[in-house]
Number of protein chains: 2
Amino acid sequence: MRHGITHFKDLLGGEGYSWTRARSAVLTVLSTVPRPLRAEEIHRALRDARINLSSVYRALRLFERLKVVHRVELGEGAARYELADDYRDHHHHLVCDACGRIEDVAACPVEAAGLTRHIRKRTGFAVRSHVLELFGLCRACRRDAR
Amino acid sequence: MRHGITHFKDLLGGEGYSWTRARSAVLTVLSTVPRPLRAEEIHRALRDARINLSSVYRALRLFERLKVVHRVELGEGAARYELADDYRDHHHHLVCDACGRIEDVAACPVEAAGLTRHIRKRTGFAVRSHVLELFGLCRACRRDAR
DNA sequence: TCGATTTTGCAAATTATTTGCAATATCCGC
DNA sequence: GCGGATATTGCAAATAATTTGCAAAATCGA
């Protein structure tokens with residue numbers, strides 16, 4: 001698992017991209033906050049740095065292309081972004097229907113069930129990646145509901 | 001597994017909603033085409049019926065609330081809609097990165113791996129539903145790529 | 001440090017989706 | 001089947017997230 005801002009700088013340089021204030025700032029936020037953030041939230045976290053929201057979107061788009069960042073869609077209208085699997089452990093999300101809190105789960109049933117192989121054998125489809133989001137009630141909201 | 005347009009009519013009536021041309025038309029399309037469709041595609045399929053795109057969106061939103069329809073987000077910018085699990089077998093999607101084709105898979109690793117129970121025990125989070133989309137190359141595109 | 005090249009900020013454009021409102025369809029009791 | 005109370009539609013305009021054009025500013029490599 002690679003990490004550290006320096007690594008990202010080298011990565012961008014190696015791909016012919018500049019290491020800019022905006023890109024560095026966005027990566028710092030994403031490396032710091034351990035949950036998927038909306039562009040708007042990243043922008044807000046960066047208010048002191050005076051980075052334009054467009055630049056945040058541009059940085060995120062670039063990082064997605066470079067597989068540094070992974071886009072998460074939870075049906076909220078806006079997308080969320082987090083560091084890609086290469087920079088964090090592979091994980092999925094538990095999204096609470098009541099309070100909106102997002103927790104990570106390390107358990108991956110796609111791997112556990114050998115689904116990729118099964119599908120390849122049955123249908124010829126070669127699975128390269130997957131998205132799994134789990135919705136329900138977190139412990140706290142379950143308690144409140146009683 | 002319930003089905004048939006008549007069932008939907010009764011369901012809407014039972015909930016105090018009218019059975020209208022637009023709603024019936026949208027449900028007919030969704031019952032006919034076996035893959036998740038965008039609002040735009042449903043609208044196009046209905047061009048002869050002269051149903052407004054807004055009405056398609058309104059119908060979809062209502063059906064989602066009534067759990068007749070399920071929204072699918074594949075990171076394409078526009079959402080897709082298909083009949084909900086209660087009206088089709090539970091399934092997931094194989095989305096081809098190359099041609100965009102969407103196939104269904106019946107295998108569900110969340111069930112197979114007993115993930116819901118595992119999570120409940122470990123974290124207290126009660127999983128109520130999940131979204132799993134698989135991306136990769138379909139057999140045809142894999143062949144072409146060689 | 002300097003010029004070539006990239007990137008940013010800002011404002012305007014785009015795209016999917018939602019909404020206000022008058023006109024129309026549906027439903028229900030007669 | 002009819003008539004009116006109520007729900008729904010069409011249309012145009014509004015939103016909200018995201019993208020883009022362009023001139024100004026930052027970055028990079030020599």
Side-chain angles (χ1 to χ4, degrees), chain A residues 5-6 8-30 36-66 68-81, chain B residues 5-6 8-29 36-66 68-81 100:
Chain A
I5 281 292
T6 311
F8 294 127
K9 177 173 177 177
D10 293 346
L11 177 76
L12 284 188
E15 298 278 337
Y17 294 102
S18 306
W19 182 242
T20 68
R21 230 164 46 82
R23 289 172 186 165
S24 154
V26 169
L27 278 177
T28 299
V29 174
L30 289 174
L37 298 172
R38 306 177 196 215
E40 174 56 38
E41 294 177 305
I42 297 172
H43 178 240
R44 202 177 325 128
L46 258 38
R47 71 186 106 59
D48 295 333
R50 308 203 136 269
I51 306 283
N52 194 279
L53 179 57
S54 301
S55 301
V56 172
Y57 274 112
R58 279 190 273 230
L60 290 171
R61 197 144 37 104
L62 173 64
F63 295 153
E64 226 191 318
R65 229 184 313 132
L66 297 180
V68 164
V69 154
H70 175 237
R71 178 206 306 247
V72 178
E73 296 194 334
L74 301 177
E76 304 167 301
R80 289 178 178 273
Y81 303 83
Chain B
I5 281 291
T6 310
F8 293 127
K9 176 171 177 178
D10 293 346
L11 177 74
L12 284 189
E15 298 279 336
Y17 294 103
S18 307
W19 181 243
T20 69
R21 231 164 46 81
R23 289 171 186 167
S24 155
V26 169
L27 277 178
T28 299
V29 174
L37 298 172
R38 305 177 196 214
E40 175 55 41
E41 294 177 306
I42 297 171
H43 179 240
R44 200 174 329 125
L46 259 37
R47 70 186 107 58
D48 296 332
R50 310 201 135 272
I51 305 285
N52 193 279
L53 179 57
S54 301
S55 301
V56 172
Y57 274 112
R58 279 191 273 231
L60 291 171
R61 195 144 38 102
L62 174 63
F63 295 153
E64 227 191 318
R65 229 181 318 129
L66 298 179
V68 163
V69 155
H70 175 237
R71 179 204 307 245
V72 179
E73 296 194 334
L74 301 176
E76 305 167 300
R80 290 179 178 271
Y81 302 84

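Reminder, nothing fancy here: chain letters follow the sequence lines and each chain counts from 1. Not measured: the values here are computed from a predicted model.
Using five terminal pairs a side, the axes of the helix from C/dT1-D/dA30 to C/dC30-D/dG1 at its two ends make an angle of 50°, given in steps of 10 degrees.
Spacing between atom CD of B/E41 and atom P of C/dA16 amounts to 11 Å, rounded to whole angstrom units. When rounded to the nearest whole Å, the span between CG of B/L12 and C1' of D/dT6 equals 16 Å. A/E15 has its CD atom 15 Å from the P atom of D/dC28, to the nearest Å. Between A/D10 atom CG and D/dC28 atom P there is a gap of 12 Å when expressed in whole angstrom units. Straight-line distance from the CG atom of A/N52 to the P atom of D/dA26: 14 Å, rounded to whole Å. Rounding to whole angstrom units, CZ of residue A/R23 and C1' of D/dA26 are separated by 11 Å. Rounded to an integer number of Å, the gap from CD1 of A/I51 to C1' of C/dT8 is 9 Å. To the nearest angstrom, C1' of C/dT17 lies 15 Å from CZ of B/R65.
Interatomic distance, NE2 of B/H70 versus CZ of B/R80, reported as 14.0 Å (0.5 Å rounding). Within the model, atoms CG of A/L46 and CZ of A/R21 stand 8.5 Å from one another, a figure rounded to the nearest 0.5 Å.
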Practice prompt. Please assess A/L12 against A/T20 for the test side-chain contact (heavy atoms from CB on, under 4.5 Å), listing each intermediate value before the final yes or no.
Written response: CA-CA 10 Å; A/L12 284 188; A/T20 68; over 6 Å; no

Practice prompt. Please test A/Y17 against A/L66 for side-chain contact (heavy atoms from CB on, under 4.5 Å), starting from the C-alpha separation and ending with a verdict.
Written response: CA-CA 11 Å; A/Y17 294 102; A/L66 297 180; 4.2 Å; yes

Could you pull out every donor-acceptor pair under 3.5 Å between side chains of residues 52-63 of chain B and any protein atom, sequence neighbours left out?
unit_1 : atom_1 : unit_2 : atom_2 : d
B/N52  : OD1    : B/S54  : N      : 2.8
B/N52  : OD1    : B/S54  : OG     : 3.2

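The closest side-chain heavy-atom distance from A/I5 to A/W19 is below 4.5 Å.
Judged as a salt bridge (Lys or Arg N to Asp or Glu O under 4.0 Å), and not counting sequence neighbours, the contacts of A/E64 are A/R71.
Nearest heavy atoms, A/G75 versus B/E73: N-OE1, 3.4 Å. Of all heavy-atom pairs spanning A/I51 and A/A22, the tightest one is CD1-CA, 3.6 Å.
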Produce the list of close N/O pairs, under 3.5 Å, pairing protein atoms with atoms of nucleotides 22-30 of chain C; give distances to one decimal.
unit_1 : atom_1 : unit_2 : atom_2 : d
C/dC27 : OP1    : B/W19  : N      : 2.9

When you compare the protein's N or O atoms with those of nucleotides 15-22 of chain D, which come within less than 3.5 Å of each other, and at what distance?
unit_1 : atom_1 : unit_2 : atom_2 : d
D/dT18 : OP1    : A/A79  : N      : 3.1
D/dT18 : OP2    : A/Y57  : OH     : 2.4
D/dT18 : O5'    : A/Y57  : OH     : 3.4
D/dT20 : OP2    : A/R61  : NH1    : 3.4
D/dT20 : O4     : A/S54  : OG     : 3.1
D/dG21 : O6     : A/R58  : NH1    : 3.4

Protein-nucleic acid N or O pairs under 3.5 Å, nucleotides 2-4 of chain D:
none

